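These notes concern the structure reproduced below.
All values below come from the heavy atoms of this structure, side chains included, with hydrogens, waters and symmetry mates left out. In this text, all values refer to a predicted model and were calculated from it rather than measured experimentally.
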2 protein chains.
Amino acid sequence: MGLLHDEGLDAVSMRRVADRLGVAPNSIYAHVADKAALVDELIDAMLGTVSTPTDDGWRERIERVMRDSRGALLAHPDLIPFALVRQSVGPNALRLGEVTLTSLREAGLDGAEAVTGLQVLLVHTIGSAAFEAGRTQDPEPAARSRRGRERAVDFGGVTAELSDPISRWSGDVVFERGLAWLLDGLVSDTASHD
Amino acid sequence: MGLLHDEGLDAVSMRRVADRLGVAPNSIYAHVADKAALVDELIDAMLGTVSTPTDDGWRERIERVMRDSRGALLAHPDLIPFALVRQSVGPNALRLGEVTLTSLREAGLDGAEAVTGLQVLLVHTIGSAAFEAGRTQDPEPAARSRRGRERAVDFGGVTAELSDPISRWSGDVVFERGLAWLLDGLVSDTASHD
DNA sequence: CGATCATGTTGTACAGTGTACAACTTAATT
DNA sequence: AATTAAGTTGTACACTGTACAACATGATCG
């Protein structure tokens, strides 16, 4: 985690980690199966900073879990893509998933629907964080295309309208609006079912 | 794209691509700035298979764009994580974004809100595809943990309830339900604004 | 026409990556 | 005291992305 925080995920190689610990690179394989497994543990360690909410209302609890998880994700942007694809379900992810699931049941969703709701919320939270992290960081990997190949230009004037506000927009809006829409949709769906 | 389809993204190295083309590895750098830029072009090429919808209603058009994009994404699962983080906005992504944006305006959203709506829809579509792809593929990278470290067990019985249905569930449900909730939330929000 | 120049290709090379294998040391258990 | 388990190490393999200088080719222009 220290290495990740100091120099980013690219610096987290087996050799660098081993250096940091003062051991040989292979020693790590006695504690971790794989590099992927190491990243999985990093992800769950990151979620360890998110506390279990104790609010009264189910909606407030869900909003807090998702908002805080988003904060933890954005604190370590390099990890976000892996959080979506490799859902390792470590103890911390499990803890937060549990709270959300019971909150959704409190909201009136039955077993299968609550699970679907949790998954949709996860997709939105992690997905919007990934989207924002992509916009935020590394703007200059190799100075765009080779010889100004002018792709993504003049597609009818909508281009400026589309790609411009995207580039300088607030990720909070996307997250908060999407979260509100989803929670609204969840309850209205339940109400119509009854 | 052929190499990606045949052997997955890991096989798409500069050397392998060069072999496939019968040239030296460095030659590729005359056409592509970076390996990341190459992946960006792969992503846009993948979106090239998604056709622009011509349905009457705005909702049908949006649903078709998102559903078809999801299909294209799931056809090349290795690319999905990068589609969220590196939004390169190639010509095809631009084309589809344009249709969605005008459809959202047709639904009654004004400039800034339409852009937010598009972004939320993108996050959900790509995010749920990433979520599903993570569950679907590579179940055995190195046979779990080293010595059965029994993590993610007995968290109060909810574990089975939570991790079990997640492991064998249909990704369609998550995508369709989330999409419906979002579109419902979008229009109801607009209605209340008027 | 000949010279300049942009475009593309190549060989060589560097610094790094994940991880397999066998040997060894230490601590715990029988 | 003997056996087993857990952890560490050195060496090694087969790769990776890409920088640099040199070379070939076709097009452009005086």
Rounding to 10°, can you tell me the angle the first-five-pair axis of the helix from C/dA3-D/dT28 to C/dT29-D/dA2 makes with its last-five-pair axis? 0°
Determine the contact category for B/S13: base if any of its heavy atoms lies under 4.0 Å from a base atom, sugar-phosphate if only primed atoms, P, OP1 or OP2 are that close, otherwise nothing. sugar-phosphate
Could A/R70 and A/D172 be called an ion pair, given the rule that one side-chain N must be under 4.0 Å from one carboxylate O? yes
What side-chain donor-acceptor pairs closer than 3.5 Å can you find for residues 50-57 of chain A, not counting sequence neighbours?
{"residue": "A/T52", "atom": "OG1", "partner": "A/R95", "partner atom": "NE", "Å": "2.9"}
{"residue": "A/D55", "atom": "OD1", "partner": "A/R64", "partner atom": "NE", "Å": "2.8"}
{"residue": "A/D55", "atom": "OD2", "partner": "A/R64", "partner atom": "NE", "Å": "3.4"}
{"residue": "A/D55", "atom": "OD2", "partner": "A/R64", "partner atom": "NH2", "Å": "3.0"}

Rounded to whole Å, please give me the gap between [atom1] in [X] and [atom2] in [N].
X: A/L9; N: C/dT17; atom1: CG; atom2: C1'; answer: 13 Å
X: A/D10; N: D/dT18; atom1: CG; atom2: P; answer: 11 Å
X: B/M14; N: D/dA19; atom1: CE; atom2: C1'; answer: 12 Å
X: A/K35; N: C/dA20; atom1: NZ; atom2: P; answer: 15 Å
X: A/L38; N: C/dG18; atom1: CG; atom2: C1'; answer: 12 Å
X: B/I28; N: D/dG17; atom1: CD1; atom2: C1'; answer: 11 Å

List for me each residue that meets salt bridge (charged side-chain N to carboxylate O under 4.0 Å, His left out) alongside A/D184, sequence neighbours excluded, and say none if there are none. A/R59
Proximity to DNA chain C (any heavy atom under 4.0 Å), residues of residues 15-23 of chain B only: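 Residues of residues 15-23 of chain B under 4.0 Å from DNA chain C: B/R15, B/V23.
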Taking all atoms of both residues into account, what is the closest heavy-atom pair of A/D78 and A/G8, and its distance?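 In terms of heavy atoms, the two residues are closest at OD2-CA, 3.3 Å.
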Shortest non-hydrogen pair, B/T49 vs B/A72, comes out as OG1-CB, 3.8 Å
Looking only at side chains, do A/R61 and A/S103 share a donor and an acceptor under 3.5 Å apart?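 Yes, side-chain donor-acceptor contact under 3.5 Å.
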When you measure from the side chain of A/S27 to the backbone of A/A24, do you find a donor-acceptor pair of N or O atoms at a distance under 3.5 Å?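 Answer holds: yes.
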Examine distances only and state if a side-chain atom of B/D44 and a backbone atom of B/A93 form a donor-acceptor pair shorter than 3.5 Å. yes
Please produce a list of atom pairs where a protein N or O lies less than 3.5 Å from an N or O of nucleotides 21-29 of chain C.
none

If only side-chain N and O atoms of A/H31 are considered, is one of them under 4.0 Å from the OP1 or OP2 phosphate oxygen of D/dA6? no
B/S27 side chain N/O closer than 4.0 Å to the phosphate oxygens (OP1, OP2) of C/dT10?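 Indeed, a polar side-chain atom of B/S27 lies that close.
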Please list all pairs meeting ring-ring contact (aromatic ring centres under 6.0 Å, His included) that have one or both residues in residues 94-126 of chain B, counting only residues at least two apart or in different chains. B/H124-B/F175
Show the numbers, then the answer: is there a salt bridge (Lys or Arg N to Asp or Glu O under 4.0 Å) between B/R20 and B/D6? CA-CA 12 Å; B/R20 195 99 159 193; B/D6 291 352; 2.8 Å; yes
Should the heavy atoms of other residues, nucleotides or ligands under 6.0 Å from CG of B/D10 be counted, would the total exceed 12?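 No.
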